[in-house]
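So you know, we letter chains A, B, ... as the sequences are listed, proteins then strands, and number each from 1.
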Amino acid sequence: MPEEATSSTFASERLHINKGAEETVRELLRSLLESGKVDAVLALGRTGNGSGGVAYSLFRDPAAFEADGDAVPLLPFMPANAGGLLSRLTLEGALDEPVAAMIRPCELRAFVELVKLSQGSLDNVLLISSTCGGVYPLDADIDGRLEEKLPEYWEGVARGELSDDARPTCRACQHFVPEGADITVALLGEADLDTECTLQLNTERGATFASEVEGTPISEKPKSEAIDRSQSEREAFREELFAGVGVGLKDLIHTFGRCIGCHGCKTVCPICYCHLCYFDSQNCERPTGYYEGELVRKGGLRVPSDTVYFQLGRMAHMAVSCVGCGMCTDVCPADIPVSTLFSKVGAAAQAVFDYEPGRDVAEEIPLRTFEEEEFAQVAT
Amino acid sequence: MEEQEFQPAIVGFLCNWCTYAAADSAGVSRFKMPPSVMVVRVMCSGRVDPLFVLTAFFLGADGVLISGCWPGQCHYQVGNLQARRRTALLKSIFDTLGLELEDRLRLSWISSSEAPRFVRVVKAFDRQITDLGPSPIRDELFL
């Protein structure tokens, strides 16, 4: 695949398909495998013959995408941020054979950030995404309960509304229309998504790979009414969410007072890519003398210590690239709204540098570049 | 005891090629200045990881001074310009979280020949930190 496949000179095409969205996606992924255009498809799958958990998996057998196959490509669930998984697949260079990935906009943006950080390659990865209606938190699928929520979920998506049970981060998301996907599946606000579907082919690569899909090219513009409405609804919820986390030292101590120091938020964070985190390193293994020293210095100390220090350090390192996927909040055993804090700090920091993570792979990460003349007020 | 007893603890990350030499020169010249700056020599202001600044604050610093070469004079071409971005980022984080640390972090350009300027910067920053008082996180147990 040529590197410039994602070039913006390609005029996007829209295909109308007389089948439901689920069926269209399954058929598209199946045809990619059957025609040999891709070597494998990365998509969600139900493990354990459909009764177990949900995990991202690489599928090579087209049968997985039959209606009763193991793959569940549109399941509103995020057991891991696939951006991090794609980085793992392409860390040592581009894949030899093309792989298609069915992922959500925040996963795509995380992957783009990781590519910028030299942690992966976009070459030979066909990115298929959708206008996103959010996902449910991980605990929604205990004992397969997620299936019961699906009818309500899809009715909501058809109306352009998010379920109240979706991840709070999703309900506050500002980037649910994928940027940089080769193929976008229109889901949000598509009233007839049971019976028809629109695929938007954004790149030449997308158009080439989807050439076997039978559909009618249409010229009409994408419906933006539902998207716009969702945008403003989510914006309002985001403000509510941001206002709900107190700032200031006292509130921060209050928020992280519950932290058990498990570092799970860092483990699931797609942007935290370091193989050895500073906070897991020997530098942060406090010797006994440290506790005694702190006792003398300030007369007491929280144990485990360094909870706020850890989060601040993480913010300083990756908040400008935070894509707000919500994995951290979802896995937090102490129910700390980690993602809300990161989104809030990230939004402010990104505004400082006029930067939007995942927008464009050609855009440098702010801390890896500089202007000769800028921030004159910072250096005094 | 009076408030004026407060002696700020300032950690100064000074670039080996400029400010460190200026500080040395200020000492040799016996310029008078407050004894509040604890110097950490770094090879470049660009070596200062934001974590260094956070670590200083969490270990009880009342202020952090990062000082490097003037733009265009960096020994490594652009390390100081990267330091400026990191400082802008840290100030933004402190501001968003309401930590009241943004005025306790200062980035200055001081060349090796500017010993008097070094003294002026240290005096002014010492005054500023003294007026602000002890850092709010200095004696906070639950961090």
Side-chain angles (χ1 to χ4, degrees), chain A residues 242 245-257 278-279 283-284 290 293-295 297-303 305-317 319-320 341 344-353 366-380, chain B residues 9 45-46 49-55 57-60 65-72 74 77-103 105-110 121 124-125 128 134-143:
Chain A
F242 278 7
V245 289
V247 294
L249 190 61
K250 286 277 164 276
D251 280 5
L252 218 55
I253 289 170
H254 176 80
T255 306
F256 287 104
Y278 170 80
F279 295 98
N283 289 324
C284 283
Y290 168 78
E294 289 293 276
L295 268 177
R297 186 175 76 77
K298 59 183 185 185
L301 160 84
R302 181 195 199 275
V303 186
S305 60
D306 303 334
T307 48
V308 177
Y309 177 47
F310 166 66
Q311 294 298 354
L312 273 172
R314 241 159 59 73
M315 279 173 188
H317 278 171
V320 281
L341 270 164
K344 189 168 174 166
V345 169
Q350 288 152 17
V352 167
F353 300 107
L367 294 185
R368 301 203 354 165
T369 184
F370 55 84
E371 304 276 338
E372 301 266 333
E373 308 275 337
E374 60 175 359
F375 302 119
Q377 74 289 0
V378 170
T380 48
Chain B
S45 53
D49 188 310
L51 268 184
F52 295 1
V53 177
L54 295 172
T55 307
F57 279 126
F58 276 82
L59 289 178
L65 170 70
I66 304 169
S67 186
C69 308
W70 286 90
C74 176
Q77 319 295 335
V78 295
N80 50 356
L81 302 180
Q82 290 170 334
R84 185 166 63 186
R85 283 217 157 189
R86 290 187 196 133
T87 307
L89 170 71
L90 275 173
K91 283 181 182 257
S92 157
I93 293 174
F94 292 155
D95 180 42
T96 313
L97 291 179
L99 283 175
E100 296 170 17
L101 291 177
E102 53 273 27
D103 294 334
L105 172 61
R106 178 167 178 167
L107 174 69
S108 294
W109 310 135
I110 303 171
V121 167
F125 196 43
Q128 185 181 336
S135 155
I137 69 173
R138 183 164 119 159
D139 295 324
E140 179 55 60
L141 303 190
F142 297 102
L143 281 172

Chain A heavy atoms under 4.5 Å from [X]: which part of the residue, side chain, backbone, both or neither?
{"X": "B/L59", "result": "both"}
{"X": "B/S67", "result": "neither"}
{"X": "B/P136", "result": "both"}
{"X": "B/D49", "result": "side chain"}
{"X": "B/E100", "result": "neither"}

Task: A/E374/B/R85 under salt bridge (Lys or Arg N to Asp or Glu O under 4.0 Å): CA gap, chis, key distance, verdict - done: CA-CA 9 Å; A/E374 60 175 359; B/R85 283 217 157 189; 2.9 Å; yes
Of all of [options], which one pairs up most often with chain A through heavy atoms under 4.5 Å apart?
{"options": "B/V121, B/T87, B/T55, B/L90", "result": "B/T55"}
{"options": "B/L97, B/D139, B/L101, B/L89", "result": "B/L97"}
{"options": "B/I137, B/L54, B/D95, B/N80", "result": "B/L54"}
{"options": "B/G98, B/P50, B/A124", "result": "B/G98"}

Task: Close side-chain approach of B/F142 to A/L249, heavy-atom, < 4.5 Å - done: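 No - every pair of side-chain heavy atoms lies 4.5 Å or more apart.
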Task: Contact check, side chains of B/L105 and B/K91, non-hydrogen atoms, under 4.5 Å - done: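 Contact flag for B/L105/B/K91 side chains = yes.
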Sort [X] into side chain, backbone, both or neither according to what part of it lies under 4.5 angstrom from a heavy atom of chain B.
{"X": "A/E373", "result": "backbone"}
{"X": "A/L252", "result": "side chain"}
{"X": "A/F375", "result": "both"}
{"X": "A/Y278", "result": "side chain"}
{"X": "A/F242", "result": "neither"}

Open item on the list: Restricting to side-chain hydrogen bond (donor to acceptor under 3.5 Å, both in side chains), what partner residues turn up for B/S108, sequence neighbours left out?
Closed with: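 B/S108: side-chain hydrogen bond (donor to acceptor under 3.5 Å, both in side chains) contacts with B/R106.
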Open item on the list: Tell me every residue that passes side-chain hydrogen bond (donor to acceptor under 3.5 Å, both in side chains) with A/E294, counting only those two or more places apart in sequence or in another chain.
Closed with: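 Checked A/E294 against side-chain hydrogen bond (donor to acceptor under 3.5 Å, both in side chains); matches are A/R297.
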- [ ] With side-chain contact (heavy atoms from CB on, under 4.5 Å) as the test, would you mind laying out the steps for B/R84 and B/W109 before giving the verdict?
- [x] CA-CA 10 Å; B/R84 185 166 63 186; B/W109 310 135; 4.0 Å; yes
Task: Closest-packed option against chain B by number of heavy-atom pairs under 4.5 Å, given A/G313, A/P366, A/G346 - done: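 Winner by heavy-atom pair count: A/P366.
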- [ ] Check for a donor-acceptor pair, side chain of B/R86 on one end and backbone N or O of B/G46 on the other, with a separation under 3.5 Å.
- [x]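 Checked: pair present.
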TODO: Only one of A/V352, A/V320, A/V345 passes side-chain contact (heavy atoms from CB on, under 4.5 Å) with B/S92; say which it is.
DONE: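 Considering A/V352, A/V320, A/V345, a side-chain contact (heavy atoms from CB on, under 4.5 Å) with B/S92 is found only for A/V352.
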Task: Pair B/E140 + A/R302, salt bridge at N-O below 4.0 Å - done: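 No, no charged N to carboxylate O under 4.0 Å.
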Open item on the list: Parallel, tilted or perpendicular: which one describes the rings of A/Y309 and A/F279, with boundaries at 30° and 60°?
Closed with: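 The arrangement is perpendicular - the two ring planes meet at more than 60°.
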